[in-house]
Amino acid sequence: MNIMIAYDNSTNAKHALEKTLQMFAALKPKITLVGVVEDVLGSSGVNEDRYLEYKYDFSEGVREAAQTLNELGISTEVMIAEGDPRKMILQAVKNKQPDLLVLARHSEKADSNIIGKTLDAWVEEFNFMTFGDVSSFLTRRAPCPVLIQSCQ
């Protein structure tokens with residue numbers, strides 16, 4: 001079984017990866033971690049340096065996750081793309097043709113003050129009723145089954 005996991009080093013992506021491995025470990029899946037760095041338009045030289053540092057750190061985080069999986073005996077491949085995550089993940093799915101695409105449910109976290117916690121509760125409730133932009137886009141267009149992992 002070939003499973004592609006959209007992976008962005010977030011807590012939700014890590015939980016989705018763990019849950020997916022628990023669900024499919026018996027099938028000895030081949031995992032492809034696809035990470036997408038959103039490109040920045042019109043950045044100045046200073047911002048470009050920060051962006052390149054972020055891009056490097058992001059890519060290293062995805063590769064470290066793959067290394068951990070490889071050490072566990074799970075065949076893992078890494079794909080790093082740059083651009084619109086929706087389009088880049090869809091292109092990766094079309095190129096690799098996985099049996100399953102796994103996405104983590106997106107979550108926005110507000111500040112930790114009382115107002116932030118109240119807003120966070122509303123956002124989380126709304127997220128239970130909807131998918132994020134990437135999930136909505138891919139569930140309608142991916143040519144394979146899509147599993148959206150809730151990260152609770």
Side-chain angles (χ1 to χ4, degrees), residues 1-39 50-113 116-152:
M1 172 172 224
N2 293 318
I3 300 174
M4 180 175 283
I5 301 175
Y7 192 83
D8 64 1
N9 300 319
S10 68
T11 300
N12 283 358
K14 291 173 184 176
H15 287 289
L17 176 58
E18 289 172 18
K19 285 182 169 184
T20 301
L21 292 177
Q22 290 170 3
M23 292 172 68
F24 297 102
L27 299 175
K28 307 265 189 228
K30 178 182 180 215
I31 302 290
T32 301
L33 297 178
V34 60
V36 180
V37 180
E38 292 189 61
D39 52 359
R50 286 188 193 139
Y51 173 73
L52 292 174
E53 183 179 334
Y54 166 75
K55 182 178 172 182
Y56 175 80
D57 291 344
F58 178 90
S59 299
E60 285 302 303
V62 177
R63 287 187 181 93
E64 286 173 11
Q67 180 64 31
T68 300
L69 293 175
N70 283 325
E71 289 170 2
L72 294 172
I74 300 166
S75 176
T76 308
E77 178 182 357
V78 170
M79 296 178 72
I80 303 292
E82 190 172 344
D84 180 338
R86 299 169 300 172
K87 293 176 183 175
M88 297 292 97
I89 295 169
L90 181 60
Q91 187 62 48
V93 169
K94 288 179 178 178
N95 289 343
K96 290 291 183 179
Q97 301 178 349
D99 299 308
L100 179 68
L101 172 63
V102 177
L103 307 169
R105 186 175 62 81
H106 181 69
S107 177
E108 296 289 343
K109 293 290 181 192
D111 294 336
S112 59
N113 61 30
K117 288 180 181 178
T118 303
L119 289 173
D120 189 42
W122 281 100
V123 168
E124 285 301 310
E125 187 62 31
F126 184 71
N127 277 338
F128 279 119
M129 298 181 289
T130 64
F131 299 128
D133 290 343
V134 175
S135 298
S136 292
F137 181 89
L138 291 167
T139 55
R140 291 191 309 271
R141 291 175 178 84
C144 67
V146 177
L147 172 61
I148 302 172
Q149 289 281 21
S150 174
C151 298
Q152 295 196 5

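Numbers here simply count residues along the sequence, with the first being 1. All of these numbers come straight from a predicted model, not from anything done at the bench. Side-chain atoms are counted along with the backbone in the values below, which use heavy atoms only and exclude waters and symmetry mates.
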Does a side-chain heavy-atom distance below 4.5 Å link [X] with [Y]?
X	Y	result
S135	R105	no
P98	V93	yes
I80	R63	yes
L69	L33	yes
I31	L21	yes
Q149	I5	no

Determine whether a donor-acceptor pair (N or O, by modelled atom type, separation under 3.5 Å) exists between the side chain of D8 and the backbone of V36. no
Nearest-0.5 Å distance, [atom1] of residue [X] to [atom2] of residue [Y]:
X	Y	atom1	atom2	result
N12	L17	CG	CG	12.5 Å
D57	N9	CG	CG	9.0 Å
T32	Q97	OG1	CD	12.0 Å
R141	K87	CZ	NZ	9.5 Å
M23	L100	CE	CG	8.0 Å
N95	L90	CG	CG	9.5 Å

What's the shortest heavy-atom distance between Y51 and E82, and which atoms? OH-OE2, 2.7 Å
Identify the two heavy atoms, one from I74 and one from P29, that lie closest to each other, and give their separation to 0.1 Å. CG2-O, 3.8 Å
Assess the residue pair Y7 and V78 against the criterion (side-chain contact (heavy atoms from CB on, under 4.5 Å)); give the C-alpha distance rounded to whole Å, side-chain angles, the decisive distance to 0.1 Å, and a yes or no. CA-CA 10 Å; Y7 192 83; V78 170; over 6 Å; no
Does E71 have any side-chain hydrogen bond (donor to acceptor under 3.5 Å, both in side chains) partners at least two apart in sequence or in another chain, and if so, which? Q67
Salt bridge (Lys or Arg N to Asp or Glu O under 4.0 Å) against D84, all qualifying residues, sequence neighbours excluded: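 In terms of salt bridge (Lys or Arg N to Asp or Glu O under 4.0 Å), with neighbours along the sequence ignored, D84 is linked to R86.
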How would you list, by chain and number, every residue that makes a salt bridge (Lys or Arg N to Asp or Glu O under 4.0 Å) with E77, sequence neighbours excluded?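 Counting only residues at least two positions away or on another chain, E77 forms a salt bridge (Lys or Arg N to Asp or Glu O under 4.0 Å) with K30, K96.
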Could you walk me through whether I3 and D99 pass the side-chain contact (heavy atoms from CB on, under 4.5 Å) test, one step at a time? CA-CA 6 Å; I3 300 174; D99 299 308; 5.9 Å; no
